[in-house]
Amino acid sequence: MPDTRTRPRSKRRLPRITALAATTLVLAGGALATAPAASAADSSSCNSAWYGLNGHITANGVNLRSGPGTGYSVKGVLTKGTRTYMYCYKYTLSRAQPWDYIKVTSGANKGVKGWVREDFNSW
């Protein structure tokens with residue numbers, strides 16, 4: 001290993017700066033790769049809260065979506081009788097149909113949070 005005391009100060013910093021830059025790129029790249037899709041919506045999209053309401057799905061083939069509308073991706077498909085926990089809902093005047101933000105508490109999608117149309121979630 002060369003003696004760093006004999007090298008000029010600027011050359012001693014270069015390996016440190018290079019390592020710092022590489023580490024920053026790796027960390028930033030990892031954070032970007034694991035970030036959720038920009039189109040996903042969580043409970044911050046709600047405009048009304050109803051915490052603590054246990055319910056169930058009233059039909060077969062109900063889509064659990066990543067946001068409050070049919071334009072969002074499907075996270076899972078729920079069957080009639082699947083139990084739910086409702087956090088809140090989203091309702092706007094431009095949309096006649098409210099959407100519930102829920103957590104699935106039984107069945108194949110147990111533990112998954114997402115959105116269902118309010119008329120398919122009874123509480």
Side-chain angles (χ1 to χ4, degrees):
M1 182 179 267
D3 186 4
T4 58
R5 292 177 290 171
T6 60
R7 285 198 274 172
R9 187 176 276 247
S10 62
K11 288 190 177 184
R12 284 185 283 180
R13 287 187 189 159
L14 186 59
R16 288 185 201 160
I17 293 170
T18 304
L20 179 62
T23 302
T24 302
L25 286 173
V26 168
L27 291 175
L32 292 175
T34 59
S39 63
D42 61 11
S43 63
S44 65
S45 296
C46 292
N47 56 13
S48 184
W50 291 88
Y51 296 98
L53 293 180
N54 292 305
H56 64 277
I57 299 300
T58 60
N60 284 315
V62 175
N63 290 324
L64 179 67
R65 295 192 176 270
S66 63
T70 57
Y72 290 89
S73 63
V74 175
K75 297 175 79 174
V77 178
L78 307 177
T79 58
K80 186 175 183 176
T82 300
R83 292 189 315 264
T84 63
Y85 178 89
M86 186 174 132
Y87 291 104
C88 57
Y89 70 91
K90 171 126 182 135
Y91 180 81
T92 60
L93 294 177
S94 63
R95 287 189 186 151
Q97 185 59 55
W99 288 76
D100 295 345
Y101 183 66
I102 64 164
K103 178 178 178 181
V104 179
T105 59
S106 72
N109 293 289
K110 184 176 181 178
V112 180
K113 293 179 182 177
W115 295 84
V116 295
R117 271 186 31 189
E118 185 180 52
D119 57 337
F120 293 124
N121 186 39
S122 178
W123 31 270

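Worth knowing before you read on, the calculation uses all heavy atoms, side chains too, and leaves out hydrogens, waters and symmetry mates.
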To the nearest 0.5 Å, tell me how far T70 OG1 sits from N63 CG.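 Between T70 OG1 and N63 CG, I get 9.5 Å after rounding to 0.5 Å.
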
Rounded to the nearest 0.5 angstrom, the CZ-NE2 distance for F120 and H56 is 13.0 Å

Donor-acceptor pair, distance only, cut-off 3.5 Å: does the side chain of [X] make one with the backbone of [Y]?
| X | Y | value |
| --- | --- | --- |
| D100 | Y89 | no |
| R65 | Y72 | yes |
| D42 | S44 | yes |

Taking distance alone, no hydrogens or angles, what donor-acceptor pairs closer than 3.5 Å link side-chain atoms of residues 104-118 to residues at least two apart or in another chain?
unit_1: T105; atom_1: OG1; unit_2: R83; atom_2: O; d: 3.1
unit_1: S106; atom_1: OG; unit_2: R83; atom_2: N; d: 2.8
unit_1: N109; atom_1: ND2; unit_2: V77; atom_2: O; d: 3.3
unit_1: W115; atom_1: NE1; unit_2: A41; atom_2: O; d: 2.9
unit_1: R117; atom_1: NE; unit_2: D119; atom_2: OD1; d: 3.0
unit_1: R117; atom_1: NH2; unit_2: D119; atom_2: OD1; d: 3.3
unit_1: R117; atom_1: NH2; unit_2: D119; atom_2: OD2; d: 2.5

Side chain proximity check, I102 to L78, heavy atoms < 4.5 angstrom: yes

Does any non-hydrogen side-chain atom of K80 lie less than 4.5 Å from one of I57? no

Mind checking whether Y87 and Y85 have ring centres under 6.0 Å apart?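 Y87 vs Y85: aromatic centres under 6.0 Å.
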
Over all heavy atoms of both residues, which pair between P98 and Y91 is shortest? Give the atoms and the distance, please. CG-CD1, 3.3 Å

If two hydrophobic side chains count as joined below 4.5 Å and joins carry through other members, does V74 share a cluster with Y101? no

Distance-only donor-acceptor check, side chains N121 and T84, under 3.5 Å: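 Result is yes, a qualifying pair exists.
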
So, S66 versus S73: side-chain donor-acceptor pair below 3.5 Å or not? yes

Should we say atom NZ of K103 is surrounded by more than 12 heavy atoms from elsewhere, each under 6.0 Å from it?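 Open.
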
